[in-house]
Structure formats: C-alpha cells, structure tokens
2 protein chains.
Amino acid sequence: MVAGPTSAGPGKDRLRLWIRLLRASRTIEAELRERLKKEFDTTLPRFDVMAALYRVPEGMLMSDLSRFLLVSNGNVTGIVDRLVSEGLVTRARRNGDRRTSMVRLTEDGSKSFAAIAAAHEGWVGELLGTVSEDEARRLTGMLKSFRSNWEGRE
Amino acid sequence: MVAGPTSAGPGKDRLRLWIRLLRASRTIEAELRERLKKEFDTTLPRFDVMAALYRVPEGMLMSDLSRFLLVSNGNVTGIVDRLVSEGLVTRARRNGDRRTSMVRLTEDGSKSFAAIAAAHEGWVGELLGTVSEDEARRLTGMLKSFRSNWEGRE
DNA sequence: TTATAAAACTTTAAGCTTGAAATAATTTCT
DNA sequence: AGAAATTATTTCAAGCTTAAAGTTTTATAA
C-alpha cells in the first residue's frame with residue numbers, strides 16, 4: 001500500500017497520488033500517536049471518540065459514533081469500555097429504547113479533552129507547517145469533492 | 001482524529017486539511033481492504049509487504065521492510081511469518097551476517113502479487129476517478145513537498 | 001583478547017480493528 | 001396478539017500494531 005507503482009502506464013498518476021496520500025497520513029498519524037502517548041498517556045482512537053463526543057454535549061449512540069468515526073461497531077464498544085473504566089465517559093441507558101445507550105463525556109473527560117485538543121491542534125499546525133493556509137483550504141476542497149463521489153454509494 | 005476543529009480561529013485550516021486527509025485515506029483504505037479480502041482473501045499489510053518485495057527480486061532485510069513500510073520491526077516479523085506459512089515468501093539465512101535474513105517473494109508469491117496488483121491499480125483508479133490525471137499530479141507534488149520538511153528529522 | 005557496545009531480529013503485552021455470530025429490544029406484518 | 005424481520009449493541013476469533021524487553025550475532029575498543 002505504501003510502495004510505488006510496479007510499472008509505468010496510464011492511470012499511474014492516481015496510484016501515485018494514493019501512495020503519497022497514504023504515506024503522508026501514516027507519517028503524520030504516527031507522529032501524533034507518539035505524542036499523545038508521551039504527553040497525555042492516551043491513544044488516537046480514544047482521542048477520536050472524545051473529539052466526537054466533545055461536539056455533542058447531549059451524547060451519541062454507539063452506532064452514531066461508529067458511523068461518524070468510520071470504524072466498526074465492535075471497535076467502538078472496546079474503546080468506550082476503556083474510556084468508561086478511566087472515568088472519562090459514561091454510558092447512560094435510555095428509557096425510550098432499551099437497546100441503546102447514550103455515551104457522553106464526563107466533566108473530567110471534557111476537561112481532559114480540551115487540554116489534549118489544544119496541544120493536538122498545535123501539533124497539526126506544526127506538522128503541516130509548510131502548507132500555507134491558503135493552500136490548505138484549496139487542498140481541503142479537492143479532498144472534499146473527490147470523496148463524496150463514490151463513498152456512501154450502494 | 002476524524003472530528004472537525006472544536007472552534008474557529010487561526011490555524012484551523014491546517015487542522016481541517018488534516019481531518020480531510022485522514023478521512024479520505026481511511027475511506028479509501030477501508031474500501032481497498034474489503035476488496036482485497038473478498039476478491040483475493042488477503043489483507044492490506046500482506047499486500048504492502050509483497051508490493052515492497054516485488055520491486056526487488058534480490059530481496060530485502062526485515063529492517064529494510066520495516067523502514068520502507070513505516071511500520072515497526074515486530075510488526076513485519078508477524079506479517080512475514082504468515083506470508084512464509086502461506087508459501088508466498090521465503091526467509092533466507094545469510095552467510096555474511098547471521099543476524100539477518102533475506103526476504104524474497106517465491107514464484108507463487110510473485111505471480112499472486114502481479115494479479116492482485118493489477119486489480120488494485122484498477123480500484124485506485126476507480127476510487128480516485130474524480131481527480132483528473134493532471135490534478136492528481138499536482139496534488140502528489142504538494143503532498144511530496146510538505147512531507148519531506150519535517151519527517152525523518154531528529 | 002575479551003569486555004562492551006551496537007545492530008538485527010523476535011517475543012511479549014496491551015490495545016486496535018474487522019467481520020461474523022450472538023443477544024436483546026423494538027417494529028412490522030398478518 | 002404472535003411471528004418474523006429489523007435495529008442496536010456486544011462478543012468473539014483472527015490479525016494488525018506499537019513500544020519495550022529479550023536474544024543472538026557482529027563490531028568496537030581497552
């Protein structure tokens with residue numbers, strides 16, 4: 001997935017783009033993961049879940065989290081389990097539908113996340129420092145448009 | 001890692017870019033993983049290792065693979081173990097330095113990879129279909145330049 | 001030479017990830 | 001109402017991933 005095209009030819013430019021895209025995100029991801037571990041003793045998946053919940057004080061269902069984060073249901077179960085055991089998140093059974101539970105950040109979780117998110121934003125700014133703000137906006141637009149075309153189709 | 005900025009402000013554009021980048025690569029990666037599984041009963045990590053080896057008939061050391069693929073040593077050990085047990089790869093002890101071993105594709109592995117790689121390239125072309133070849137080249141250039149600036153530093 | 005350090009790998013423990021199977025609760029259909 | 005399908009979630013097995021610790025071999029140096 002990270003190696004270059006095995007030969008030249010048409011369509012190779014998109015393959016090259018994909019490889020670049022993947023290497024870039026893996027490299028940045030690795031760096032962020034390492035810093036999250038070192039500075040805050042946490043992980044990317046935990047950070048992801050907390051970031052999702054931070055925007056929605058009323059909480060999210062497990063399936064909302066799963067959809068939003070683009071990961072499987074079972075995956076979210078495990079991560080939330082660990083966050084609960086650390087007191088950063090709660091699972092509240094609901095009256096209306098007893099299959100579901102609302103997942104929310106605790107006060108601790110919220111404070112904790114705010115601190116981590118601030119550092120995180122700084123890191124991303126640093127790691128993407130050579131991309132101008134203007135260029136960043138353009139790239140973002142390109143990525144946004146190409147994604148929506150095929151994803152979520154059936 | 002996949003949620004948006006928690007507030008507005010300066011530096012947010014790079015954060016937005018990072019989130020787009022990550023969502024894009026996760027979405028594409030998930031699609032490719034699924035197809036590799038369904039069509040060829042293999043995985044992305046196996047494909048990555050085989051792609052790396054395919055370019056180098058004389059083989060690679062474990063540490064070369066690890067460096068090239070941006071993953072840890074122990075990780076490569078496990079993946080190569082499985083590829084060996086499937087007969088797609090061999091580990092050849094070396095006379096010169098008995099700590100190391102050369103990892104090579106077997107003939108089976110090589111044939112198998114060629115078929116998978118052809119399909120893979122088609123998929124990537126399809127998934128990135130809305131990006132023109134020209135745009136792909138420009139994006140690739142941007143990604144290349146911003147990466148090299150901080151990665152591999154000390 | 002012989003201790004010491006360095007290098008190349010492997011092993012291990014903990015956690016992440018998926019897809020599939022299992023549970024439980026709710027909805028839909030007849 | 002009762003059966004059947006759907007929905008929300010958890011559990012499970014297998015595999016991926018890392019960092020850290022351990023092993024073996026090679027290089028360095030006193």
Side-chain angles (χ1 to χ4, degrees), chain A residues 1-2 22 25-27 29-50 59-86 89 91-103, chain B residues 1-2 22 25-27 29-50 59-86 89 91-103:
Chain A
M1 211 59 172
V2 139
L22 191 56
S25 56
R26 280 197 190 171
T27 309
E29 213 172 333
E31 184 68 24
L32 293 174
R33 186 179 357 86
E34 196 178 324
R35 295 188 187 190
L36 281 175
K37 183 67 186 170
K38 277 218 167 48
E39 311 274 328
F40 296 102
D41 191 33
T42 189
T43 67
L44 266 178
R46 281 165 167 88
F47 179 81
D48 285 351
V49 167
M50 293 178 79
M60 293 175 84
L61 301 181
M62 295 298 284
S63 40
D64 293 338
L65 276 170
S66 163
R67 235 187 321 277
F68 182 72
L69 297 174
L70 309 175
V71 299
S72 67
N73 275 344
N75 188 354
V76 175
T77 297
I79 298 166
V80 167
D81 282 352
R82 276 164 230 122
L83 287 173
V84 167
S85 80
E86 290 169 15
V89 145
R91 248 194 273 239
R93 221 77 211 179
R94 292 202 309 164
N95 292 345
D97 185 336
R98 276 182 320 211
R99 291 171 302 183
T100 65
S101 50
M102 263 317 196
V103 184
Chain B
M1 211 59 172
V2 140
L22 191 56
S25 55
R26 281 197 189 172
T27 309
E29 212 173 333
E31 186 66 25
L32 293 175
R33 188 180 354 86
E34 196 178 325
R35 295 187 187 191
L36 282 175
K37 183 67 186 171
K38 278 217 167 47
E39 312 273 329
F40 297 101
D41 191 33
T42 189
T43 66
L44 265 178
R46 281 165 167 86
F47 179 81
D48 285 351
V49 167
M50 292 177 80
M60 293 175 83
L61 302 181
M62 296 297 284
S63 41
D64 293 338
L65 276 170
S66 161
R67 238 188 318 279
F68 182 71
L69 297 174
L70 308 175
V71 300
S72 68
N73 273 346
N75 189 353
V76 176
T77 297
I79 297 166
V80 168
D81 281 353
R82 274 163 233 125
L83 287 174
V84 167
S85 80
E86 291 169 14
V89 144
R91 249 192 272 241
R93 221 77 211 180
R94 293 202 308 163
N95 293 343
D97 186 337
R98 278 183 318 214
R99 292 170 301 182
T100 65
S101 50
M102 264 317 197
V103 185

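Residue numbers begin at 1 in each chain, while the letters A, B, ... track the order of the sequences. Below, all heavy atoms of this structure are taken into account, side chains as well, without hydrogens, waters or symmetry copies.
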message = Regarding A:Arg46, tell me which of base, sugar-phosphate or nothing describes its non-hydrogen contacts under 4.0 Å with the strands shown.
response = sugar-phosphate
task = Could you tell me whether A:Asn73 contacts a base, only the sugar-phosphate backbone, or nothing, with contacts defined as non-hydrogen atoms closer than 4.0 Å?
result = base
note = Looking only at C:dT26, D:dT9, D:dT18, the nucleotide nearest the A:Asp97 side chain is C:dT26
query = Does A:Arg98 put a side-chain nitrogen or oxygen below 4.0 Å from OP1 or OP2 of C:dA24?
reply = no
ask   = Hey, does A:Ser66 reach any base, or is it just sugar-phosphate, or nothing, if we go heavy atoms under 4.0 Å?
value = nothing
message = Taking the minimum atom-to-atom distance to the side chain of A:Arg99, which one of D:dT6, C:dA8, D:dT17 wins?
response = D:dT6
task = Using a 4.0 Å heavy-atom cut-off across all strands, classify B:Thr77 as base, sugar-phosphate, or nothing.
result = base
ask   = Below 4.0 angstrom from OP1 or OP2 of C:dT18, is there any side-chain N or O of A:Asn75?
value = yes
inquiry  = Looking at B:Ala92, is its backbone amide N or carbonyl O close enough to the side chain of B:Ser101 to form a donor-acceptor pair, meaning the two atoms are under 3.5 Å apart?
reply    = no
ask   = Within the structure shown, what part of the strands sits under 4.0 Å from B:Arg91 by heavy-atom distance: base, sugar-phosphate, or nothing?
value = sugar-phosphate
Main-chain N/O of A:Leu61 paired with A:Asp64 side-chain donor or acceptor, under 3.5 Å = yes
message = Whether A:Ser72 contacts C:dT18 is assessed here as follows: a side-chain N or O lying under 4.0 Å from the phosphate OP1 or OP2. Is that the case?
response = yes
key: Closest nucleotide among D:dA8, D:dT25, C:dC9 to the A:Ser63 side chain   = D:dA8
